Number of protein chains: 2
Amino acid sequence: MSLQPLIDHFESYIPLNESEKQLLDDRVTHRQMKRRQAILQEGFPCRHYSFVVEGCFRMYKIDSKGTEHNLQFAAENEWIADIGSFHSGRPSQLFIEAIEPSIILQIDKEDLYFLYTNIPKLDRIFKVIIENKYVELQNRVLQTISSTAQERYLTFLEQYRNLALRLPNTQIASYLGITPEFLSKIRKDIAS
Amino acid sequence: MSLQPLIDHFESYIPLNESEKQLLDDRVTHRQMKRRQAILQEGFPCRHYSFVVEGCFRMYKIDSKGTEHNLQFAAENEWIADIGSFHSGRPSQLFIEAIEPSIILQIDKEDLYFLYTNIPKLDRIFKVIIENKYVELQNRVLQTISSTAQERYLTFLEQYRNLALRLPNTQIASYLGITPEFLSKIRKDIAS
DNA sequence: AAATAGGCTTAAACTAGTTTAAGGTCGGAC
DNA sequence: GTCCGACCTTAAACTAGTTTAAGCCTATTT
């Protein structure tokens, strides 16, 4: 039931006092997930912010042809949620599921809003968290519109080395926006 | 010298009291920009958050071959900044410049941090602003990795209709990650 | 009035990335 | 033990998008 990884995460931004930690303890849910188990499915609103304590998740969309496209991975000490759907309450177009057996801490919308009100520094902490995620995403857009698939793959390996070792190549290809076959060719070209 | 558009913008999230408005008034700078005039140039840290009162801007990168890639446009009532560089103080890789003669309101880093501290609700307001920007960017990534150039162009027209009418097609092509020549072909195909 | 520059289009030759199909390997389920 | 599904690779045929080059139009500068 340990909340400690989440507290450490928050305190890497701003220290919390005991009563704030207690409030968190009351509102955060601990959950074990199996490989392939889903946190979110298309057609349902995203009801939780999920913090990964152990394991790894992916968020993806299935397009009209049935092809999956990975939008984001989240490993230890990262958040994953469909933020748009979470706040609007509208059905999500996305899936979130465990790639490995995982442990997460979840906060639902009502609780998060309660926490924002009662721990004002959480507004600042999440503002910074999401600013960082925004910058990361912006770099990805930049790469996507300005680089070849091979360059994108090499950057991915460099930037998410640990993750890359844990993921099957099909998942990486889907994240890069290319087919697994073409990724295979890129890998061959790089090796030679 | 009117601050009103910015106040209206903030108050669309949370109302401000008079002393808060006064604090803003002391810390916000009004600026007129000519067409093509730059707010930010590669190699310099991004020193301001800029709020567009009137006109239109683009943020872009110049790659190793000298090609420009548009990352973002910002028209009336939108913010534009290289957030990563702003907070880290590191040199930006990006340019921001006016596409039309424009009026902006700017806040520099010291002032913004002062305002965050003295108007705590600004933490929440900017958290929400950036959450919205994040969702928008995420949708763009999704489109980019899962759709053809033609689909992306049609979505752009639908989503940013006003903007599309104000921008030259070369700028739109650069935003979509394609050449102007290919955009021209897409437009021809659509028309027929 | 002429010259220039930015923007839009067309078309032919090219290249990056997809599709389809097949075959191989490995680990888990029955 | 074998069967099945997930994953990786190769290769040939194809398609989406780029490159190069040329020509046209309009607005601005000289």
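Chain naming here is simple, since letters A, B, ... match the order of the sequence lines and numbering starts at 1 in each. Everything numeric in this text was worked out from a predicted model, so none of it was measured. Keep in mind that the numbers below use all heavy atoms, side chains included, and drop hydrogens, waters and symmetry copies.
- Rounded to whole Å, atom C1' of C:dC8 lies 12 Å from atom CD1 of B:Ile172.
- The main-chain N or O of A:Gln106 is never found under 3.5 Å from a side-chain atom of A:Ser50 such that the two would form a donor-acceptor pair.
- Aromatic ring centres of B:Phe126 and B:Phe10: separated by under 6.0 Å.
- Ionic pairing of B:Glu78 and B:Lys133 is not present here: no N-O contact between side-chain nitrogen and carboxylate oxygen is shorter than 4.0 angstrom.
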TODO: Produce a footprint string for nucleotides 18-30 of chain D: one letter per nucleotide, 5' end first; B if the base is under 4.0 Å from any protein heavy atom, S if only the sugar-phosphate is, - if neither.
DONE: BBB----------
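- The shortest non-hydrogen separation linking A:Ala149 to A:Ile186 is CB-CD1, 3.7 Å.
- Under the 6.0 Å distance and 45° angle rule, B:Arg140 counts as a cation-pi partner of B:Tyr175.
- Within a 6.0 Å sphere centred on CZ of B:Arg124, other residues, nucleotides and ligands contribute more than 12 heavy atoms.
- Within residues 66-75 of chain B, no residue places a heavy atom under 4.0 Å from DNA chain D.
- Annotation for A:Arg90: atom CZ does not count as buried by contact number, only 12 or fewer foreign heavy atoms lying within 6.0 Å.
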- [ ] Can you check each nucleotide of nucleotides 3-8 of chain D against protein heavy atoms at under 4.0 Å and return B for base, S for sugar-phosphate only, - for none, in 5' to 3' order?
- [x] ---SSS
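- Each end of the helix from C:dA1-D:dT30 to C:dC30-D:dG1 gets its own axis from five base pairs, and the two axes differ in direction by 30°, given to 10 degrees.
- Remark: A:Arg166 CZ is packed, more than 12 non-hydrogen atoms of other residues, nucleotides or ligands lying under 6.0 Å away.
- Ring-plane geometry between B:Tyr113 and B:Phe86 is classed as perpendicular, the angle between the planes exceeding 60 degrees on a 0 to 90 degree scale with a lower cut at 30.
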TODO: Output, in order, the C-alpha distance, side-chain angles, deciding distance and verdict of side-chain contact (heavy atoms from CB on, under 4.5 Å) for B:Glu68 and B:Arg58.
DONE: CA-CA 11 Å; B:Glu68 297 180 1; B:Arg58 68 186 179 115; 2.9 Å; yes
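- What separates CD1 of A:Ile186 from C1' of D:dT10 is a distance of 15 Å, to the nearest Å.
- Against DNA chain C, the stretch residues 147-158 of chain A makes heavy-atom approaches under 4.0 Å through A:Thr148, A:Ala149.
- For the residue pair A:Gln171 and A:Tyr60, no side-chain donor N or O sits within less than 3.5 Å of a side-chain acceptor on the partner.
- A:Arg35 and A:Glu97 are not joined by a salt bridge, as no carboxylate oxygen comes within less than 4.0 angstrom of a charged side-chain nitrogen.
- When the options B:Ile190, B:Ile178, B:Thr148 are evaluated for a side-chain contact (heavy atoms from CB on, under 4.5 Å) with B:Tyr153, the one that passes is B:Ile190.
- Panel note: side chain B:Ser85, backbone B:Pro91; no donor-acceptor pair is recorded below 3.5 Å.
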Polar atom pairs between nucleotides 23-30 of chain C and protein, under 3.5 Å, N or O only, would you list them?
none

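- Stacking of B:Lys127 on the aromatic ring of A:Tyr116 is recorded, both the 6.0 Å distance cut-off and the 45° axial limit being met.
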